[in-house]
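First up is the structure itself, then whatever we jot down about it.
Quick caveat: nothing in here was measured; it's all calculated off a predicted structure.
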Amino acid sequence: MQMKKSVRAYLNSPMGPKTTHFWGPMANWGFVISGMMDTKKTPDAISGNMTAVLCIYSMLCMRFAWMVRPRNYMLLACHAANESVQLYQISRWLRYRNLQPKEKAAASD
């Protein structure tokens, strides 16, 4: 009986699956999955501009998730994961971009 009450309380809560506070973060996990799958691609396929925009987007959404009442921990976790994936991607892009001129100069010698 107690479990039935707690399940019903969760379903009807402000963060439950009947609200956008639940489905918004669930949909945003697509960014994280996509970013993780992109780590297998070569760095020349990374768009530095788009990756930077996704970093800023996730930072802003993390702040929103922390400031909104009730706090949306699912959204915070989702964007924290996306931020780390995108920071990894931008580090790969920067390393590739910085090595590019040196490789071209060495190849021409």
Problem - Distance flag, aromatic centroids of H79 and Y57, threshold under 6.0 Å - result: yes

Output side-chain donor-acceptor pairs under 3.5 Å for residues 43-50, partner residues at least two apart or in another chain, one line each.
| unit_1 | atom_1 | unit_2 | atom_2 | d |
| --- | --- | --- | --- | --- |
| D44 | OD1 | T42 | OG1 | 2.3 |
| S47 | OG | M50 | N | 3.2 |

Residues forming a side-chain contact (heavy atoms from CB on, under 4.5 Å) with [X], sequence neighbours excluded:
{"X": "S13", "value": "Y10, M15"}
{"X": "T39", "value": "Y88, Q89, R92"}
{"X": "R63", "value": "M67"}

For [Y], does its backbone N or O pair with a side-chain atom of [X] as donor and acceptor, under 3.5 Å?
{"X": "S34", "Y": "F31", "result": "no"}
{"X": "W29", "Y": "C78", "result": "no"}
{"X": "S58", "Y": "C55", "result": "no"}

Completion exercise
Members sharing I33's hydrophobic cluster, built from side-chain contacts under 4.5 Å between Ile, Leu, Val, Met, Phe, Trp and Tyr, are M37

With clusters defined by side-chain heavy atoms of hydrophobic residues (ILVMFWY) lying less than 4.5 Å apart, directly or transitively, does [Y] cluster with [X]?
{"X": "V68", "Y": "M26", "answer": "no"}
{"X": "L94", "Y": "L99", "answer": "no"}
{"X": "I56", "Y": "W93", "answer": "no"}

Practice task
Could you tell me the separation between the CD atom of E83 and the CE atom of M59, rounded to the nearest 0.5 Å?
Solution key: 5.0 Å

Completion exercise
In short, L54 meets N82 closest at the heavy-atom pair O-ND2, 4.1 Å

Practice task
For the pair L76 and R71, evaluate side-chain contact (heavy atoms from CB on, under 4.5 Å) and give the outcome as yes or no after the intermediate values.
Solution key: CA-CA 9 Å; L76 182 67; R71 284 201 170 125; over 6 Å; no

Fill in the blank from the handout: Taken in chain and number order and not counting sequence neighbours, the residues that satisfy salt bridge (Lys or Arg N to Asp or Glu O under 4.0 Å) with K41 are D38

Exercise for the section: Answer yes or no: is there a side-chain heavy-atom contact under 4.5 Å between F64 and L75? Expected result: yes

